[in-house]
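Working notes, structure below.
Labels below follow one simple rule: chain letters A, B, ... track the order of the sequence lines, proteins then strands, and each chain is numbered from 1.
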Amino acid sequence: MELLSLLTPGPTGWGDELLIGLSMTLGLALATFPVSIMLSFLIHWARSSRRRPLRYLAQMHVSIFKSLPEILTLLIIYYQSQVVISWVADYAGLDSTLSISPFLAGLIALSLVISAYGSEVVRGALQAIGKGQVEAAQALGLSRFHCFWKVVLPQFWRHALPGLGNLWVILLKDTSLVSVIALSDLTHVAALAINTTREPFFFYLVIAAIYISLVIFSSWIQKRLERRAARGFVAGGRAHA
Amino acid sequence: MLDLWFDYKDLWLSGLKVTASLTLLAILLGFVLALPIGVARARNRGLSGVLAYGYVIFFRGMPLLVLLFLVYYGAGEFSRDLRSLGLWWFFRDAYYCGLLALVLNTAAYQAEIIRGSLNGIPSSIREANAALNLTRWTAFRRVLFPIAIARALPGLGNEFILLLKATSLLAIITIFDLMGQARFIFSETFDLRAYYVAALHYLVLVLVLEWLLRRIERRNAWAA
Amino acid sequence: PAAAETLRIGTEGAYAPFNFVTEDGSLKGFDVDIGNALCMQMQVECEWSTHEWGGIIPALNAKKFDVMVASMAITEKRQEKVRFSSPYYFNAMRFAALKELELDTATPASLEGMVIGTQSGSVAVTVLQEYFPENEIKLYPKLGEALLDMESGRLDLVLESKFSIGDWMADGTDCCAFVGEDFLMDGTIGAGIAMRLEDEKLQTRIDDALAAIIANGTYDDIRAKYFGFDIRSQPRMVSDLFEG
Amino acid sequence: MADTRAISIQALNKYYGSFHALKNVTLTVEKGERIVICGPSGSGKSTLIRCINGLEDHQSGSLTVDGVTLSDEAAVLRQVRARAGMVFQHFNLYPHLSVLDNCTLSPTCTLRLDKATARRQAMELLSRVGMVDHAGKFPSQLSGGQQQRAAIARSLCMMPDIMLFDEPTSALDPESIGEVLDVMTDLARDGMTMVCVTHEMGFARKAADRIVFMDAGQILEINTPEAFFATPETDRARTFINQVIGH
Amino acid sequence: MADTRAISIQALNKYYGSFHALKNVTLTVEKGERIVICGPSGSGKSTLIRCINGLEDHQSGSLTVDGVTLSDEAAVLRQVRARAGMVFQHFNLYPHLSVLDNCTLSPTCTLRLDKATARRQAMELLSRVGMVDHAGKFPSQLSGGQQQRAAIARSLCMMPDIMLFDEPTSALDPESIGEVLDVMTDLARDGMTMVCVTHEMGFARKAADRIVFMDAGQILEINTPEAFFATPETDRARTFINQVIGH
Ligand SMILES: Nc1ncnc2c1ncn2[C@@H]1O[C@H](COP(=O)(O)OP(=O)(O)OP(=O)(O)O)[C@@H](O)[C@H]1O
Ligand SMILES: Nc1ncnc2c1ncn2[C@@H]1O[C@H](COP(=O)(O)OP(=O)(O)OP(=O)(O)O)[C@@H](O)[C@H]1O
Ligand SMILES: [Mg+2]
Ligand SMILES: [Mg+2]
């Protein structure tokens with residue numbers, strides 16, 4: 001009971017700070033996700049491109065960001081990008097107070113990491129659709145645009161949803177890492193709270209519970225989306241082809 | 001960058017050792033814990049099924065960073081009780097706490113991979129087991145388990161790489177692994193290259209791990 | 001009047017009583033009050049931000065903010081990276097130890113075999129490396145975490161700012177007590193306000209403002225809010241203590 | 001007790017949920033007899049043959065295999081399955097074991113044969129299906145026809161009295177179909193009791209003693225091959241025959 | 001310019017990497033002619049038929065479809081594909097679209113028919129293959145035979161002059177095979193130019209004008225059905241015929 005009073009909102013408790021932290025966490029994840037998906041497509045496209053340098057570059061992106069610990073990527077992006085921006089700003093004689101916020105650094109770093117995995121989700125989903133679908137479209141004379149838009153993409157979501165759902169959960173949890181560059185996300189707020197209250201177990205348990213709820217909620221949404229995307233695919237008795 | 005490595009050669013090497021040992025131990029202990037949980041998940045019956053499900057939800061749902069803090073500082077808060085239980089020697093040590101968090105975390109993921117590959121074994125194999133009159137134990141030991149592990153290998157391999165990367169978080173609870181050394185060297189020199197040197201180490205470690213995993217996978221000639 | 005100039009001040013926010021975040025989410029502490037007083041004196045707007053201690057110097061140089069009021073001790077090494085104002089107080093270090101150890105001195109000999117913690121990136125790290133090379137040293141991202149670990153018994157001692165430790169001990173726990181004298185690291189001139197190397201003019205302005213608030217008594221008023229004693233007289237040097 | 005019946009099925013009913021998959025099926029198979037079951041897709045052929053060795057349970061009626069009446073007790077199931085070997089449409093070989101190990105696994109684990117005996121016997125049966133040369137290979141290294149022949153050998157290694165086949169050739173290409181049917185014809189000639197679900201009417205004509213025609217979960221007709229093909233009793237069977245051998 | 005040739009293939013060579021899949025294949029198909037291609041597995045039948053509408057490129061030789069000579073230009077490919085419809089072994093229906101939408105997608109997008117016209121035409125062709133009742137269903141709700149008939153209707157909706165079939169019945173059960181062959185026989189009777197890869201020798205006998213026998217990437221024999229079945233010229237063809245219709 002005593003502990004719970006620490007969670008009340010307002011000036012005497014940490015409830016409101018935690019809420020702000022939660023919104024920061026969610027905001028970061030929500031902003032990063034679409035960027036990651038677009039980047040994933042781009043990387044997949046580059047990886048299957050006919051141009052060798054493009055292919056190598058994309059392959060390198062995937063290998064590097066799948067190998068580096070996220071926290072290291074984050075720190076490097078955070079510090080290095082600032083240095084780069086300062087150089088550029090100095091060189092171009094621009095306002096030298098341009099700066100990269102922890103939020104933006106987090107967004108960039110997490111997008112890089114998630115898209116490395118995302119490009120494989122894209123590839124897997126496109127493969128699952130099968131060559132036959134594209135061949136049928138070709139044989140029917142559909143243009144590449146129509147083939148992608150009307151045949152591939154509608155089926156893409158169905159195959160990609162499980163993978164994308166996974167990535168979303170990974171992303172959600174990885175946002176906790178931005179606490180180390182002092183973005184006031186959930187985990188960072190908890191650390192500050194513990195600094196004054198000296199109740200680490202309680203606060204980390206609260207944070208854990210919040211994350212677990214978020215993850216459970218996400219998979220619930222994911223299931224619903226999957227069911228929607230599966231309309232028409234569900235075998236009404238027989239599953240041929 | 002080479003100079004930064006040689007200037008702090010001993011630190012980097014000891015960090016490398018800590019990272020490698022933590023990863024290997026966590027992989028092994030995690031697998032041992034994951035096996036029964038994964039089997040219970042695949043059976044999905046009775047109390048064991050519920051417990052396994054709860055375990056997986058709990059430890060996959062929370063960020064490792066939070067789990068790490070929870071185990072380390074949480075245990076610190078209960079040091080008196082842990083002392084009277086005779087467990088303090090374990091929780092006192094950041095290395096053990098970190099290892100425990102890693103094992104709890106990776107076991108949840110490995111269990112799901114094992115469950116997936118067990119469930120993914122086509123029913124035709126189970127039918128063959130029945131038609132050939134194999135007992136449940138023989139069927140599990142000689143057929144389902146080897147097939148499941150072989151099918152799980154790629155997934156487990158991925159998880160091992162993720163685990164290797166995850167050890168970097170342990171620096172936050174005072175462990176001088178690669179990342180811990182990098183942070184230390186950075187705080188000494190304010191030289192960003194410290195992180196790049198660490199990154200190179202991780203790249204090499206992942207390459208080595210991938211190579212090892214590929215060698216193991218290649219031993220399954222039959223899966224081709 | 002034209003829009004007031006804003007001064008972007010960075011601090012850590014996890015170093016009570018100098019700078020910390022309270023449960024209502026606001027930034028408080030001695031550093032914060034001093035910073036605000038300086039702004040008032042210089043007739044500029046203050047804009048505060050918090051940063052992780054380990055990356056605070058790079059953050060300053062990366063222009064995430066312009067002035068750091070974060071109780072940073074002035075050292076030679078740091079002066080290669082940033083420019084410091086004249087010291088605004090002397091942040092002496094002091095060992096705190098578990099009471100159950102019943103220590104009465106803190107020398108390399110008396111601390112043999114003990115585990116000492118401190119905040120990573122602080123001057124205490126250098127002291128420990130130099131004078132206590134045989135001891136196991138653990139580094140924490142935040143001081144609070146080191147102190148928690150001492151309370152739980154994972155650490156035997158913590159070496160850090162006597163003010164910060166004192167503030168923490170005053171706040172309820174009686175696990176630990178100070179041992180030995182307080183001291184400064186050799187070459188430290190006290191805690192300074194930091195800015196980028198190229199901002200020479202800014203340093204003059206800050207130094208002038210600092211002198212002004214000391215002269216007009218604002219400084220002492222703020223000091224009295226947090227400490228019941230003088231914090232601007234210089235303690236002994238560490239070499240004095242352990243080598244002399 | 002000189003029972004000459006290998007299999008006796010009495011008024012068997014089987015439901016999948018509310019779907020009535022087998023309706024009052026009654027059938028007796030004598031020892032040494034070769035039965036071919038045919039019928040349109042979904043008529044319950046697989047269901048029937050899987051009931052016979054207890055891969056599916058049934059809801060009413062009785063089923064006796066070699067004098068053992070099926071129930072869902074584990075011991076009874078093992079007795080029945082020891083007597084009736086099964087060959088599946090998709091071979092269901094163990095992918096992680098070589099052909100030889102596929103053949104010796106159950107004999108060593110279940111019949112408790114020693115390794116050497118089991119191997120000797122397996123090699124004999126593998127030579128019978130023309131697979132000795134492939135004994136060391138993994139199933140994935142074999143063609144479909146070879147896999148199916150290995151699966152037949154694996155079943156034979158358990159020394160069954162009865163062999164059940166569920167469309168053993170329908171996943172194969174024309175050339176492989178020939179190989180497998182040859183092996184099956186050979187078995188039939190040796191007097192093995194066989195129940196085969198198959199659409200291979202050439203095989204049925206050549207090897208079957210009786211043909212059982214099923215539709216919609218019922219047995220519509222039981223007849224000798226000659227009679228069945230020449231003068232099918234039901235319209236349904238006539239249509240079916242035309243469709244299967246018409247083109 | 002009154003060319004009577006629908007397809008003319010001259011000395012066609014096709015490689016997969018270093019594997020020589022088609023070796024100097026030469027074949028002419030007259031307008032209105034029905035050709036059946038057969039041959040053992042891996043002989044290059046699919047490769048040949050896929051080359052004809054440019055799903056595979058070729059390395060040398062020439063290929064002319066309805067007067068258009070194939071190249072890898074997109075415009076040429078579209079012309080050829082507008083003239084030659086293709087039916088696949090695995091139907092390749094769009095799983096996310098109803099049967100009707102499967103049939104109208106390309107006509108509306110490619111031929112720029114308006115929706116109503118496209119639907120009217122699709123319903124007509126669906127009725128021709130006996131699928132009007134299933135127009136609103138998704139492919140997954142249909143049997144294999146129904147799916148294949150829908151796929152044939154989908155191809156016909158593009159108003160092709162030539163229809164190519166790649167083993168359209170080999171993924172089907174016997175009854176479905178009948179359904180689909182009936183539709184194909186019907187098409188043949190109506191004078192559609194057809195090239196079919198199939199093992200259905202009954203259909204070949206009944207509907208084909210000529211049979212092309214391939215082995216190892218080469219055409220070994222081109223003959224009328226009567227001559228092909230009665231007196232095959234090559235040993236390879238004789239073995240093949242025995243295997244496919246022997247049992
Ligand atoms: N596990 C199951 N659950 C529900 N229904 C089933 C199941 N297995 C089979 N059925 C249904 O029972 C009926 C008979 O199936 P069965 O597999 O015995 O047919 P079959 O004669 O072997 O057909 P086929 O020639 O296609 O193999 C079918 O309608 C099928 O849909
Ligand atoms: N994409 C490909 N890459 C490499 N080789 C291929 C490819 N497609 C086919 N082949 C090879 O080309 C040869 C001819 O293949 P094709 O599919 O044309 O045979 P087919 O006569 O249609 O056989 P089937 O009756 O099995 O369909 C085969 O040996 C096959 O392995
Ligand atoms: Mg069946
Ligand atoms: Mg083919």
Q: Starting from the C-alpha separation in whole Å, work towards a yes-or-no answer on side-chain contact (heavy atoms from CB on, under 4.5 Å) for E:Met86 and A:Glu135.
A: CA-CA 10 Å; E:Met86 175 103 179; A:Glu135 281 180 358; over 6 Å; no

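Only the backbone of E:Leu93 has a heavy atom closer than 4.5 Å to any heavy atom of chain A. Neither the backbone nor the side chain of E:Ala74 comes within less than 4.5 Å of any heavy atom in chain A.
At a threshold of 4.5 Å between non-hydrogen side-chain atoms, the residues A:Leu142 and E:Cys109 count as touching. Residues E:Arg78 and A:Ser143 meet the side-chain proximity criterion, which asks for heavy atoms closer than 4.5 Å. For the pair E:Leu97 and A:Val151, the minimum side-chain heavy-atom distance is 4.5 Å or more. A:Arg158 places none of its side-chain heavy atoms less than 4.5 Å from the side chain of E:Pro95.
The nearest pair of heavy atoms linking E:Arg154 to A:Ala136 is NH2-CB, 3.5 Å. The minimum heavy-atom distance between E:Leu55 and A:Gln138, with the atom names listed, is CD2-OE1, 3.0 Å. In terms of heavy-atom proximity, E:Ser106 sits nearest to A:Leu140 at OG-O, 2.6 Å.
Within 6.0 Å of the NZ atom in E:Lys31, the count of heavy atoms belonging to other residues, nucleotides or ligands exceeds 12. The number of heavy atoms from other shown groups lying within 6.0 Å of CZ (A:Phe217) does not exceed 12. Around atom CG of E:Asp72, no more than 12 heavy atoms belonging to other residues, nucleotides or ligands sit under 6.0 Å away. Counting heavy-atom neighbours within 6.0 Å of A:Arg144 CZ, excluding the residue itself, gives a total of 12 or less. The environment of NZ in A:Lys150 is sparse: at most 12 heavy-atom neighbours from other residues, nucleotides or ligands sit within 6.0 Å.
No side-chain donor-acceptor contact under 3.5 Å links E:Arg81 to the backbone of A:Gly141. Checking side-chain atoms of E:Tyr94 against main-chain N and O of A:Ala137 turns up a donor-acceptor pair under 3.5 Å.
With rounding to the nearest 0.5 Å, the separation of OG1 in E:Thr108 from NE2 in A:His146 is 7.5 Å.
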